[in-house]
Colleague: 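Here it is: the structure, laid out below.
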Amino acid sequence: MKRYNFSSAEKKWNAIWKTKRVYEPDLSSTKKPFYNLMMFPYPSAEGLHVGNMYAFTGSDIYGRFKRMQGYDVFEPMGLDGFGIHSENYAIKIGTHPVKQAKISERRFYKQLEIVGNGFAWNERLETYDPEYYKWTQWIFVQMWKHGLAYRKKQPVNWCPSCKTVLADEQVIDGKCERCGTIVVKKELEQWFFKITKYAERLLQNLETIDWSEKVKIAQRNWIGKSEGALIKFKIINDKFQINSKAQNSKHEVEVFTTRPDTLFGATYMVLAPEHPLLENKELGIRNYDDVAKYVASAKKKSEEERIENKEKTGVELKGVKAINPANNEEIPIFVADYVLSGYGTGAIMAVPGHDLRDSDFARKLDLPVRRVIAPRESNFQFPISNFQINPNDQNPKETELYEGDGILINSGKFDGIDSEKAKWEITKFVEGKKTTQYRLRDWLVSRQRYWGPPIPMVYCESCAKAGRSDAPSFAKATEGTAGWYAVPEKNLPVKLPFVKDFRPKGKDESPLASAKSFFEARCPGCRGKARRETDVSDTFLDSAWYYLRYIDPKNKKEPFAASRIKRWLPVNMYIGGAEHSVLHLLYVRFVALALRDMKLLNFPSKTGEPFPLFRAHGLLIKDGAKMSKSKGNVINPDEYIKEFGADAFRTYLMFLAPFEQGGDFRDQGILGITRFLDRIWKFQEGLKGKFAKKESPSIEQFLHYTVKKVTEDIESLHYNTAISALMILFNKFEEAGSVTKGQYKTFVCLIAPFAPYLSEELWGRIGEKKSIHRSPWPRYNPRLVVAETFPLVVQINGKHRATVEAERGLSEEKARTLALSHPMVHKAVEGKTPKRVIYVKDRLINFVI
RNA sequence: GCCGAGGUGGCGGAAUUGGUAUACGCGCACGACUCAAAAUCGUGUGGGCAUGUCCCUUGAGGGUUCAAGUCCCUCCCUCGGCACCA
């Protein structure tokens with residue numbers, strides 16, 4: 001018997017599939033479109049990572065399953081090869097990214113072809129193709145035209161190694177998402193996209209989409225909605241007399257708090273180092289130099305220092321006080337870097353009795369603490385005298401931090417009120433404003449790098465002086481628009497020029513700033529001399545719309561053809577990594593919603609969400625540890641495919657653990673799958689076409705059960721149990737020696753999504769002409785799914801005592817008689833009347849004695 | 001610290017959602033084939049001992065129930081995400 005030669009079969013079928021266009025639906029006319037999308041890879045490293053392979057295989061199995069169910073499955077693939085990751089790799093190995101892109105492209109596409117995925121190769125795309133990034137730039141221009149792109153100077157994240165700014169989403173634990181270098185703060189003027197305008201919708205829509213729960217939670221937390229109040233505190237200089245000061249003060253600081261119910265406990269105020277009040281000289285801060293020194297050192301701190309060292313520091317502003325509007329008390333003001341400038345108003349009211357951070361700070365600086373909320377279950381007597389407690393007080397119970405809600409004390413006329421209710425009553429009392437804050441910040445899209453789409457904007461100095469720009473009128477009032485013009489759409493793309501020394505310079509600007517011929521431009525407004533923007537846009541903008549381009553990647557007139565969009569969107573199934581929870585998966589939703597609002601993207605959907613169904617796959621580890629080059633435990637997929645074949649590799653990846661959970665890859669494990677596939681081959685070869693004439697009823701019954709099980713398991717991405725069910729079925733085939741052709745064909749169809757080559761080869765060898773991957777998915781007869789008999793479990797006092805084979809649908813009485821006929825049961829129950837008999841139909845009977 | 005997922009044989013992992021715990025696979029042991037080995041095939045494989053239609057066993061302890069890996073309470077550990085967001 002000839003052994004199965006997987007490598008020649010793989011080669012053969014790849015060629016046949018290509019010429020027969022097995023995986024190419026007609027994008028403009030299909031009747032049952034099914035868009036099966038997977039996150040395209042960064043071609044950044046030595047080759048395709050096994051993690052990508054894992055994700056693609058899981059997604060492809062789902063696509064193949066849907067194709068066999070009769071859908072016109074569209075499963076495109078491309079390369080996210082523009083951007084910092086590809087550029088960093090080019091720097092590392094000392095090539096130019098333009099050259100490296102071509103090398104990576106060949107390597108990746110070759111690898112992607114041998115893994116046996118049903119990709120629609122005609123629609124492949126690369127984000128560095130000018131025909132692609134032309135439209136990435138076009139999206140930037142639309143953002144600008146609709147007031148969603150703006151420039152602003154503010155402290156931003158700067159990676160000293162990548163020599164570029166980063167978005168908040170790209171800073172992980174204070175470190176650069178790409179290279180792990182500690183990120184520092186820098187005050188720079190940059191381009192931002194107004195994703196915050198969409199915060200509420202991005203949050204609300206989460207309720208309408210079917211996504212892996214952990215990703216939704218991550219997005220919810222990242223958006224970070226909180227309800228609270230804005231409350232104004234008057235600022236006075238203590239030179240002035242007490243009674244005149246409050247009324248006469250022209251200075252005010254507004255704070256944001258989610259706990260206005262604790263206002264009476266606000267014993268001091270804290271400003272962020274960037275707070276504008278600190279620059280106000282007429283205020284008469286007496287220790288101005290000390291304050292300035294503190295502010296300077298705080299601004300220099302890196303993100304990591306802030307995170308690592310949570311010891312609170314701060315300086316009091318001498319000579320000034322704030323007035324607590326609830327009780328008109330004068331309270332000290334501090335500057336401290338535990339208050340962030342980018343959130344709320346950059347100023348807080350500090351309530352050390354009821355907030356952990358304020359409590360830490362108060363302890364450190366020995367500040368008084370006042371308790372204003374008592375837990376509901378405590379028995380406070382009202383009214384309580386207005387007491388103030390020092391942290392050194394020997395009565396620690398009273399000063400203990402309490403962050404919960406409860407009943408108000410020490411709060412004047414609000415004493416005794418429930419804190420939930422008091423929140424809004426106190427807000428009203430001090431003329432505060434109820435408001436909502438989001439943790440989400442605007443998306444910083446500028447990058448001071450070479451390998452990316454140049455931001456298609458032009459700056460004209462003379463127009464800036466005259467206050468001219470082509471920003472929409474409603475956006476002109478905001479800062480950073482004067483002098484800026486979008487490159488006219490007919491002039492797109494702004495091609496990335498070849499720059500020999502493409503390495504980042506670290507001078508707050510892109511290497512393009514040294515290419516004079518690139519940045520010299522005409523002003524689209526006054527036709528005078530102007531300068532192009534030399535920064536490029538964030539890679540995540542490239543990937544924020546690729547799924548729209550796939551359906552018509554060669555379209556020269558429009559970014560995406562409206563008729564095809566209507567047919568193919570929203571995407572039916574999106575599979576990818578959870579590491580993109582607050583990166584790609586957030587940006588991509590934002591861009592879709594924004595384009596929809598601009599009336600540029602229109603597909604049938606209530607919310608405009610492009611991915612109603614998303615599943616995150618798990619993480620693959622090797623021998624119990626995370627894969628890393630330094631540990632030398634990185635799986636090279638090519639080697640495994642060469643040794644075991646793509647089918648065995650794919651099937652093993654899916655068998656080793658639940659797809660959505662991820663799991664542990666062990667070399668030994670793949671042998672089990674190899675044996676399984678070999679046995680299938682031998683089984684068919686051994687039959688030599690002599691299939692059984694008559695169906696064995698027990699095999700037939702189990703086959704129907706397996707069809708149901710595998711269908712449901714694939715639908716829910718439980719591939720590991722689907723494969724296990726197929727193994728059990730096949731074990732029965734082997735035991736029986738032979739099965740009918742129909743039964744056998746059903747089995748081959750069921751393994752087709754997992755082992756596309758072997759199944760196709762077997763399919764052809766039993767005389768089938770059409771590709772198995774376009775053959776109908778087996779159906780089952782619901783009546784045959786369960787066997788006619790079942791093992792009736794007999795328990796005595798809940799303990800398993802015997803098992804008897806019984807007819808399905810047995811009545812309780814009959815079950816009882818049957819159970820008692822078993823000698824063991826008979827002996828145990830004999831002579832006693834059971835107190836209770838529990839009968840679970842088709843399952844068990846339990847005698848309680 | 002907060003949020004999420006999880007803890008089941010020597011290992012990866014199953015368990016119809018409260019109803020035979022350890023499916024399937026790996027590994028291991030023994031046997032067959034072989035001069036031998038690999039491959040392949042067969043048998044066995046949670047632990048215990050008094051070898052039984054016995055007892056124990058799903059991170060630890062308690063509870064609910066005829067019945068708990070599954071539900072409730074307390075605690076421990078591992079992995080992932082967020083992290084001074086007021």
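Order of the sequence lines sets the chain letters (A, B, ...), proteins ahead of strands, with each chain counted from 1. On a predicted model such as this, the values are computed, not experimentally measured, just so you know.
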Colleague: Find which nucleotide of RNA chain B each of A:Gly663 and A:Thr257 is nearest to by heavy atoms, and output the residue with the more 5' nucleotide.
Modeller: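 Per heavy-atom nearest nucleotide, the more 5' residue is A:Gly663.
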Colleague: Taking the minimum atom-to-atom distance to the side chain of A:Leu844, which one of B:rG19, B:rG27, B:rU20 wins?
Modeller: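 Looking only at side-chain atoms, A:Leu844 lies closest to B:rG19.
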Colleague: Under 6.0 Å between the ring centres of A:Phe659 and A:Tyr54?
Modeller: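 Here the rings of A:Tyr54 and A:Phe659 have centres that are less than 6.0 Å from each other.
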Colleague: Do you know which of A:Phe733, A:Phe683, A:Phe754 makes ring-ring contact (aromatic ring centres under 6.0 Å, His included) with A:Phe747?
Modeller: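 Running ring-ring contact (aromatic ring centres under 6.0 Å, His included) over A:Phe733, A:Phe683, A:Phe754 with A:Phe747 returns exactly one hit, A:Phe733.
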Colleague: For A:Arg679, answer base if it contacts any base atom (sugar-phosphate contacts may also be present), sugar-phosphate if it contacts only those atoms, and nothing otherwise; contact means non-hydrogen atoms under 4.0 Å.
Modeller: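 Here A:Arg679 touches the backbone only, sparing every base.
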Colleague: Let me know the distance between NE2 of A:His580 and P of B:rC82, rounded to the nearest Å.
Modeller: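 Taking atom P of B:rC82 as the reference, NE2 of A:His580 is at 12 Å.
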Colleague: Are OP1 or OP2 of B:rA83 and a side-chain N or O of A:Arg439 less than 4.0 angstrom apart?
Modeller: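 So the side-chain polar atoms of A:Arg439 do come within 4.0 Å of the phosphate oxygens OP1 or OP2 of B:rA83, strictly under.
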Colleague: Run the ring-centre check on A:Phe665 versus A:Tyr652 and record whether the distance is less than 6.0 Å.
Modeller: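 So the answer is yes for these two rings.
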Colleague: Does B:rU16 have a Watson-Crick or wobble partner in any strand here, with both distances under 3.5 angstrom, and which is it?
Modeller: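 No nucleotide pairs with B:rU16.
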Colleague: For B:rG27, measure the glycosidic angle (O4'-C1'-N9-C4 for a purine, O4'-C1'-N1-C2 for a pyrimidine) and name it syn if it falls within 90° of 0, otherwise anti.
Modeller: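 Nucleotide B:rG27 adopts anti.
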Colleague: For the side chain of A:Met727, counting heavy atoms from C-beta on, which of B:rA14, B:rG25, B:rA21 is nearest?
Modeller: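 Nearest to the side chain of A:Met727 among the choices is B:rG25.
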Colleague: Measuring to OP1 and OP2 of B:rG19, would you say a side-chain N or O of A:Asn846 lies under 4.0 angstrom away?
Modeller: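 Looking at the OP1 and OP2 atoms of B:rG19, neither is under 4.0 Å from any side-chain N or O of A:Asn846.
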Colleague: Return the value, rounded to whole Å, for the distance between atom CD1 of A:Ile673 and atom P of B:rG13.
Modeller: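 Atom CD1 in A:Ile673 sits about 14 Å away from atom P in B:rG13.
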Colleague: With a 4.0 Å cut-off on N to O distance, would you call A:Arg615 and A:Asp210 a salt bridge?
Modeller: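 Salt bridge: yes.
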Colleague: How is A:Ile838 classified with respect to the nucleic acid when contacts are heavy atoms under 4.0 Å: base, sugar-phosphate, or nothing?
Modeller: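 Base contact.
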Colleague: Ignoring hydrogens and angles, are the base of B:rC3 and the side chain of A:Lys214 linked by a donor-acceptor pair under 3.5 Å?
Modeller: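 Counting by modelled atom types and ignoring angles, no donor-acceptor contact under 3.5 Å is found here.
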Colleague: Side-chain N or O of A:Gln795 versus OP1/OP2 of B:rA67: is the shortest distance under 4.0 Å?
Modeller: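 It does not, given that no N or O in the side chain of A:Gln795 lies less than 4.0 Å from OP1 or OP2 of B:rA67.
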Colleague: Using a 90° cut-off around 0 for syn, call B:rU17 syn or anti.
Modeller: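 In terms of base orientation relative to the sugar, B:rU17 is syn.
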Colleague: Please report, rounded to the nearest Å, how far the C1' atom of B:rC84 is from the CG atom of A:Asp358.
Modeller: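 Answer to the nearest Å: 10 Å.
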Colleague: Measuring from the side chain of A:Ser724 (C-beta onward, heavy atoms only), which nucleotide among B:rU40, B:rA23, B:rA86 has the closest atom?
Modeller: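 It is B:rA23.
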Colleague: Partner of B:rC35 by Watson-Crick or G-U wobble geometry, both contacts under 3.5 Å, or none?
Modeller: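 Per the H-bond distance test, none.
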Colleague: Let me know, please, whether A:Gly669 or A:Gly344 comes out on the 5' side of the other along RNA chain B by nearest nucleotide.
Modeller: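 This one resolves to A:Gly669.
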Colleague: Between P on B:rC84 and CG on A:Leu340, what's the gap in Å once rounded to a whole number?
Modeller: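 After rounding, the reported distance stands at 7 Å.
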Colleague: Looking only at side-chain N and O atoms, does A:Tyr343 come under 4.0 Å of OP1 or OP2 in B:rA86?
Modeller: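 So the side-chain polar atoms of A:Tyr343 do come within 4.0 Å of the phosphate oxygens OP1 or OP2 of B:rA86, strictly under.
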Colleague: Does a distance-only test, which skips hydrogens and angles, find a donor-acceptor pair under 3.5 Å between the side chain of A:Glu213 and the base of B:rG4?
Modeller: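 Under the 3.5 Å cut-off, the side chain and the base do not form any donor-acceptor pair.
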Colleague: Could you check which of B:rA86, B:rC54, B:rC66 has an atom nearest any side-chain atom of A:Arg801?
Modeller: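 Between B:rA86, B:rC54, B:rC66, the one nearest the side chain of A:Arg801 would be B:rC54.
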Colleague: Take atom CZ of A:Phe655 and atom C1' of B:rA23, then tell me their distance rounded to the nearest Å.
Modeller: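 It is 10 Å, rounded to the nearest whole Å.
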Colleague: Name the nucleic acid region contacted by A:Asp360, choosing base, sugar-phosphate or nothing; use a 4.0 angstrom heavy-atom cut-off, strictly under.
Modeller: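 The residue A:Asp360 makes no contact with any strand.
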Colleague: Checking contacts here: which listed nucleotide (B:rA23, B:rG25, B:rC26) is nearest the side-chain heavy atoms of A:Arg675?
Modeller: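 Per side-chain heavy atoms of A:Arg675, the pick is B:rC26.
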Colleague: Is A:Arg589 positioned over the aromatic face of A:Trp222, cation under 6.0 angstrom from the ring centre and no more than 45 degrees off axis?
Modeller: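 Verdict for A:Trp222: no cation-pi partner in A:Arg589.
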Colleague: Quickly work out the A:Ile670 CD1 to B:rG13 P distance and round it to whole Å.
Modeller: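 A:Ile670 atom CD1 is separated from B:rG13 atom P by 16 Å.
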Colleague: On a whole-Å scale, what distance lies between the C1' atoms belonging to B:rG10 and B:rU22?
Modeller: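 That atom pair is separated by 14 Å.
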Colleague: Output yes when at least one side-chain N/O atom of A:Ser226 is less than 4.0 Å from OP1 or OP2 of B:rA86, else no.
Modeller: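 So the side-chain polar atoms of A:Ser226 do come within 4.0 Å of the phosphate oxygens OP1 or OP2 of B:rA86, strictly under.
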Colleague: Which of the following nucleotides, B:rG12, B:rC82, B:rC24, is nearest to the side chain of A:Asp664?
Modeller: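 My answer, after comparing the listed nucleotides, is B:rG12.
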Colleague: B:rC24 C1' sits how many Å from A:Phe754 CZ, rounded?
Modeller: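 So the CZ-C1' distance, A:Phe754 to B:rC24, works out to 13 Å.
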